[in-house]
Amino acid sequence: GHQPGHDLWQKHIAPRSRADLGPRIAPIANAMIDISDGLGAETHHICTASDVGAVLYADAIPVQLQVRAAADKLGADPLQWALSGGEDFELLFSIAPANVERLADMAEQVHEVGRVLPRSEGVTLLTADGESVHLPKGYDHFNPPVA
């Protein structure tokens, strides 16, 4: 039968590429990266490469209900998974506010998760409680966690 969590497992072991989306968005994107190392790490990568800061809004980061349920069962924070989990094949990109309407015509299931800011503002996460915290980097292949 259909195991609960099967779709989640499939997404993790056989993620669907959003490669179709990249070329469509490219003409209006200022920066674009796939989030294979997690949203937190890739936001830092983009900000470093572009010499900017950013704020991500915790409330705006999409987390599937199945993921919330799995995290709940394991006593984990689903937002932490969203920020540091990898193998997503989703795209993270920045566009000028003037292009937001054009984007809506080009792509479905696009989520506005934050804003690009001057570098002096740093790279932060605005929590659901309205607290501004340093954005966690998540997984780093070059500096993996040491047990």
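Side chains included, hydrogens not; waters and symmetry mates left out as well; all remaining heavy atoms used. All residue numbers in this chain count up from 1 along the given sequence.
The structure places CZ of Arg102 at 13.5 Å from CZ of Arg24, a figure rounded to the nearest 0.5 Å. The CD1 atom of Ile25 sits 8.0 Å away from atom CE of Met106, with the distance rounded to the nearest 0.5 Å. How far CG of Leu74 is from CH2 of Trp81: 5.0 Å, rounded to the nearest 0.5 Å. Distance check, rounded to the nearest 0.5 Å: OG of Ser94 to CD1 of Ile33 gives 11.0 Å. Distance CG/Leu21 to CG/Asp34: 12.0 Å, rounded to 0.5 Å. Atom OG of residue Ser50 and atom CG of residue Asn30 lie 8.0 Å apart, to the nearest 0.5 angstrom.
In the hydrophobic clustering of ILVMFWY residues, with side-chain heavy atoms under 4.5 Å counting as a link, Ile46 and Ile61 come out together. A continuous path of Ile, Leu, Val, Met, Phe, Trp and Tyr side chains, each step under 4.5 Å between heavy atoms, connects Val110 with Met32, placing both in one hydrophobic cluster. Cluster membership check: Val123 shares its hydrophobic cluster with Leu92, using side-chain heavy-atom separations under 4.5 Å among Ile, Leu, Val, Met, Phe, Trp and Tyr. Two different hydrophobic clusters hold Tyr57 and Ile35 under the rule that ILVMFWY side chains link at heavy-atom gaps under 4.5 Å. Note on Leu117 and Ile95: separate hydrophobic clusters, where clusters join Ile, Leu, Val, Met, Phe, Trp and Tyr whose side-chain heavy atoms are under 4.5 Å apart, directly or indirectly.
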Legend entry - Criterion side-chain contact (heavy atoms from CB on, under 4.5 Å) on Leu56 and Leu83, from CA distance to verdict: CA-CA 10 Å; Leu56 291 190; Leu83 290 172; 4.3 Å; yes
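The two atoms that bring Ala54 and Thr43 nearest to each other are CB-CG2, 4.3 Å, heavy atoms only. In terms of heavy-atom proximity, Val63 sits nearest to Pro78 at CG1-CB, 3.9 Å. Taking each heavy atom of Ala128 and Ala58 in turn, the nearest pair found is N-CB, 3.9 Å. The heavy-atom pair separating Val113 from Pro62 by the smallest distance is CG1-CD, 4.0 Å.
With Leu135 as reference, Leu125 is the one residue of Thr124, Leu125, Leu126, Val55 to meet the side chain to side chain contact (heavy atoms under 4.5 Å, CB included) rule.
Partners of Arg115 by side chain to side chain donor-acceptor pair (under 3.5 Å), not counting sequence neighbours, listed by chain and number: Glu112. With sequence neighbours left out, Arg119 forms a side chain to side chain donor-acceptor pair (under 3.5 Å) with Asp51.
Of the possible donor and acceptor atoms, none in the side chain of Asp129 sits under 3.5 Å from a partner among the backbone N and O of Glu131.
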